[in-house]
Amino acid sequence: MRIARFSIDGNVAFGAVEGDGPDGLVLDIIKGIPYADFELSGTKVPLSKVRLLPPVLPNKVVGIGRNYAEHAAELGNEVPDVPVAFFKPTTSVIGSGDAIEYPSFSEELHHEAELAVVIGRMCREVPRERVKDVIFGYTCANDVTARDAQKREKQWARAKGFDTSCPLGPWVETDLDPSDLAIQATVNGEQRQLGRTSEMIRSIEDLVVHITEAMTLLPGDVILTGTPAGVGPLHVGDEVAVTIEGIGTLTNKVIKRG
Ligand code: MG
């Protein structure tokens, strides 16, 4: 099932994305909370009539760096012995169609197409064999990075945590085998990144075990699983799209911060 979060007439709701009929994609509004028990209300609205919001409101977004060998190499980095984890704050999260604001302290903004894992239940110290039980679904992410600040500053809080640096969406796909999906980024329609999730150095199971050794994950929390090779610059006016097989396309425009 594809679950979107959206606003219509000033109200915010979750809906299941269905079909491709004469009205295009339709949202069946959800009664209840997607992570817990919910039912479809039967009230349907065309997707074209709503504004999509980030599909989840995470308590935290945990990023993983250098999880594809070719990407680590393209930036001149070694693959680390233990996964590199970092946070993106909740204020960095935007949805599909929202604008990425070019930060004033950077002159080298990069896109990073990533598979995002959405957590479905509160969990800590998750054993490998239970990882699938704590995952709600998957969505597309763009780990937008101020590469110059990342190189200049020892910690990545500003480089990867500025406002609008975490586009997520367009929705969460709950029925998906994430082990070998094509993942792509385009800028203004031109392909920049193309990889497969099977190229990840550490699997999703490895990452959930590693992160929950340290911290409790809550429903709606997000793990960014790293980016394949081909990262590159974004400029004001660009439109960047992240497409993952079986999920959909996350599209954002880059604007000057007003
Ligand atoms: Mg990244």
Side-chain angles (χ1 to χ4, degrees), residues 54 56 58 60-94 96 100 102-103 106 108-119 138-169 178 181-187 191-204 206-208 210-211 217 221-234 238 240-244 247 250-252 254:
V56 287
K60 56 191 164 300
V61 176
V62 185
I64 297 294
R66 299 168 192 162
N67 200 27
Y68 288 76
E70 269 184 59
H71 166 65
E74 75 181 341
L75 295 181
N77 295 311
E78 300 280 314
V79 171
D81 294 337
V82 288
V84 181
F86 58 91
F87 288 120
K88 289 172 91 83
T90 55
T91 42
S92 69
V93 174
I94 59 173
S96 192
I100 297 165
Y102 206 113
S106 174
E108 194 188 13
L109 201 61
H110 277 191
H111 54 82
E112 294 191 0
E114 309 206 2
L115 175 72
V117 177
V118 179
I119 297 299
Y138 304 90
T139 191
C140 307
N142 194 342
D143 175 21
V144 183
T145 301
R147 192 72 69 205
D148 46 357
Q150 187 189 22
K151 289 174 190 156
R152 227 170 22 226
E153 301 175 15
K154 209 162 194 175
Q155 300 238 345
W156 302 347
R158 293 199 331 148
K160 286 180 175 285
F162 62 88
D163 289 357
T164 73
S165 66
C166 190
L168 294 176
L181 304 172
I183 175 166
Q184 173 183 243
T186 63
V187 177
Q191 188 176 289
R192 291 276 191 84
Q193 293 183 266
L194 181 62
R196 300 197 70 84
T197 55
S198 49
E199 296 159 5
M200 281 183 204
I201 297 163
R202 272 96 184 189
S203 67
I204 290 168
D206 292 338
L207 299 180
V208 172
H210 183 70
I211 292 165
L217 292 176
D221 278 353
V222 170
I223 298 170
L224 306 185
T225 55
T227 198
V231 299
L234 290 171
D238 284 348
V240 56
V242 174
T243 301
I244 300 177
I247 301 176
L250 165 70
T251 306
N252 300 91
V254 182

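Counting convention: from 1, in listed order, for ligands and their atoms alike. Model, not experiment: these values are computed from the prediction.
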Participant: In Glu112, the N, O or S atom nearest to the Mg ion (ligand 1) is which?
Facilitator: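 Closest to the Mg ion (ligand 1) among those atoms: OE1.
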
Participant: Nearest 0.5 Å, what's the OG1-CZ distance between Thr145 and Arg158?
Facilitator: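 Between atom OG1 of Thr145 and atom CZ of Arg158 there are 14.0 Å.
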
Participant: Identify the heavy atoms of Thr227 and Ala113 that sit nearest to each other, and give their distance.
Facilitator: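 Reported closest heavy-atom pair: OG1-O, 2.8 Å.
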
Participant: Tell me whether Gln184 contacts the main-chain N or O of Leu194 through its side chain, where contact means a donor paired with an acceptor under 3.5 Å.
Facilitator: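 Between the backbone of Leu194 and the side chain of Gln184 there is no qualifying donor-acceptor contact (under 3.5 Å).
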
Participant: Among the N, O or S atoms that Asp143 has, which is closest to the Mg ion (ligand 1)?
Facilitator: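 Going by distance to the Mg ion (ligand 1), the closest N, O or S atom in Asp143 is OD2.
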
Participant: Go through it in stages, so that I can follow the logic: the residues are Arg147 and Glu112, the test is salt bridge (Lys or Arg N to Asp or Glu O under 4.0 Å), and I'd like the CA-CA distance, side-chain angles, deciding distance and then a yes or no.
Facilitator: CA-CA 11 Å; Arg147 192 72 69 205; Glu112 294 191 0; 2.8 Å; yes

Participant: Looking at Glu114, which of its N, O or S atoms is the nearest one to the Mg ion (ligand 1)?
Facilitator: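 The closest N, O or S atom of Glu114 to the Mg ion (ligand 1) is OE2.
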
